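Written out below as structure tokens is the structure these notes cover.
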Amino acid sequence: MSGLRTFEGAVALITGGASGIGAALARALAAKGATLILADRDYDDAVRVAAGLPRAEAAPLDVRDAAAFDGLVASVMRQHGRLDYLFNNAGTGVGGEVKDYSLDDWRYIVEVNLMGVIHGVQAVYPRMIGQGFGHIINTASMAGLLAAPLATVYCTTKHAVVGLSRSLRIEAREHGVHVSALCPGVIRTPILTGGRHGRLTKKVPEAVTMKMWEKLRPMDVDRFASQVVAEVARNRSIIVVPRWWRLLWWLDRLSPNQMDAVAHTTYRRGKAQIDAALAEGT
């Protein structure tokens with residue numbers, strides 16, 4: 001069996017492949033000649049996305065189900081004889097202040113964003129060791145590198161994904177397996193307003209939420225995916241796109257107290273906008 005293929009002829013499994021970043025990665029990889037399996041609990045939407053791409057198929061998957069994840073990977077290996085890439089991408093969020101979270105909010109986001117990634121690693125990594133190659137790309141976030149008030153539960157899981165990925169990368173190198181953490185900045189996808197399966201703790205008008213996000217210059221999702229695929233080909237440890245977010249990451253490492261102060265100012269402004277919008281709606 002030949003080694004890792006740089007997309008042409010490669011087999012790639014993408015979780016959360018029915019929408020947003022996952023669907024955009026599928027389009028970018030399809031253009032490079034990869035064979036794709038788009039896994040999502042929104043199976044009908046995954047089927048629709050796959051139908052518009054060459055060499056693509058859809059599979060139902062809730063990443064919270066470890067046995068289902070393992071079964072899907074086993075099926076992919078039987079059908080295709082290899083698995084070059086796992087884009088461990090499925091995720092969601094709860095937006096709002098921690099004082100308004102329930103324990104169910106914490107459990108749900110941890111189950112999807114962290115345990116879902118762990119389930120993917122557990123299913124794929126031993127098989128990649130066995131074949132002697134592979135690349136696992138775990139979707140984290142800039143919220144995995146910086147403080148993210150008003151998204152603390154999301155931030156918690158994404159920091160964990162970064163730590164998992166960096167640590168596993170060192171071990172996996174001994175087996176010919178690559179591991180990367182993908183840390184998007186603000187990307188124009190449905191997650192900005194709660195996402196397909198996420199939520200906001202308060203009923204904030206979508207226009208208000210988007211006005212706040214627009215200040216952070218959301219990147220077009222297909223342009224984002226094209227840059228990510230190029231960085232994956234270079235086997236980067238931490239992939240930050242858009243590139244200008246790397247400056248914030250650098251500043252945070254240089255002076256975390258200063259960046260916390262900036263985050264605090266941003267938090268207060270955001271909270272004031274939300275409170276004003278809610279007051280207008282009462």
Side-chain angles (χ1 to χ4, degrees), residues 20-21 91-101 105-106 109-110 113-114 117 138-167 180-195 198-221 223-224 227-228 231 236-280:
I21 286 175
T92 189
V94 171
E97 295 184 87
V98 172
K99 68 182 181 63
D100 298 319
Y101 291 169
D105 289 330
W106 284 96
I109 303 304
V110 168
N113 289 1
L114 179 54
V117 168
N138 296 322
T139 298
S141 169
M142 284 305 298
L145 301 173
L146 307 173
L150 296 176
T152 299
V153 61
Y154 180 82
C155 180
T156 299
T157 58
K158 295 306 185 178
H159 270 74
V161 170
V162 171
L164 182 162
S165 302
R166 292 187 64 194
S167 300
S180 300
L182 172 56
C183 295
V186 180
I187 312 302
R188 200 173 294 281
T189 70
I191 202 170
L192 297 184
T193 53
R199 75 179 189 90
L200 303 175
T201 57
K202 295 180 179 179
K203 301 287 186 182
V204 182
E206 184 172 326
V208 173
T209 303
M210 285 309 302
K211 183 178 180 180
M212 293 167 62
W213 284 122
E214 289 295 337
K215 294 177 181 178
L216 295 173
R217 296 160 47 196
M219 187 179 197
D220 172 77
V221 71
R223 184 172 164 230
F224 164 82
Q227 292 187 17
V228 168
E231 293 295 288
R236 303 292 194 196
S237 174
I238 297 178
I239 299 170
V240 175
V241 179
R243 291 185 178 91
W244 69 269
W245 283 86
R246 296 176 188 175
L247 174 61
L248 296 182
W249 180 30
W250 178 81
L251 289 171
D252 188 73
R253 286 176 288 166
L254 181 67
S255 182
N257 288 337
Q258 285 296 107
M259 286 298 289
D260 282 354
V262 171
H264 182 249
T265 298
T266 302
Y267 156 71
R268 293 189 67 179
R269 288 175 179 169
K271 186 175 182 300
Q273 286 182 271
I274 291 169
D275 290 344
L278 293 173
E280 286 181 10

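Model, not experiment: these values are computed from the prediction.
Of the candidates L114, T152, T156, V153, I109 forms a side-chain contact (heavy atoms from CB on, under 4.5 Å) with just one, namely V153.
When every heavy atom of A143 is checked against every heavy atom of A148, the shortest pair comes out as CB-CB, 3.9 Å. The nearest pair of heavy atoms linking S141 to P184 is CA-CD, 3.6 Å. The heavy-atom pair separating T139 from K158 by the smallest distance is O-NZ, 3.1 Å. The shortest heavy-atom contact between L145 and H159 is N-CE1, 3.9 Å. Nearest heavy atoms, L164 versus N138: CD2-ND2, 3.7 Å. Summarising the geometry of S180 relative to I239, their closest heavy-atom pair is CB-CD1, 4.1 Å, with the distance given to 0.1 Å.
Residues R188 and V221 are not in side-chain contact: their nearest non-hydrogen atoms beyond the backbone lie 4.5 Å or more apart. In this structure, W245 and V186 have side chains that are in contact, with non-hydrogen atoms separated by less than 4.5 Å. Side-chain atoms of E97 and L150, non-hydrogen and from C-beta on, do get closer than 4.5 Å to each other. Inter-residue side-chain proximity for P242 and I187 is flagged as met; some heavy-atom pair is nearer than 4.5 Å.
Between the OG1 atom in T189 and the CG atom in D220 there is a gap of 11.0 Å [rounded to 0.5 Å]. With values rounded to the nearest 0.5 angstrom, D252 atom CG is found 11.0 Å from L247 atom CG. Taking CZ of F224 as the reference point, atom CD1 of I21 lies at 4.0 Å (rounded to 0.5 Å). Between the CG atom of L248 and the CZ atom of R246 there is a distance of 12.5 Å, given to the nearest 0.5 Å.
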Problem - side chain to side chain contact (heavy atoms under 4.5 Å, CB included) between R243 and E231, intermediate numbers included - result: CA-CA 11 Å; R243 291 185 178 91; E231 293 295 288; 4.2 Å; yes
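Judged purely by atom type and a 3.5 angstrom limit, S255 has no side-chain atom pairing as donor or acceptor with the backbone of L251.
Judged by a 6.0 Å distance limit and a 45° cone about the ring axis, R253 is positioned over the six-membered ring of W249.
Counting heavy atoms of neighbouring residues, nucleotides and ligands inside a 6.0 Å radius, atom CZ of R166 does not exceed 12 of them.
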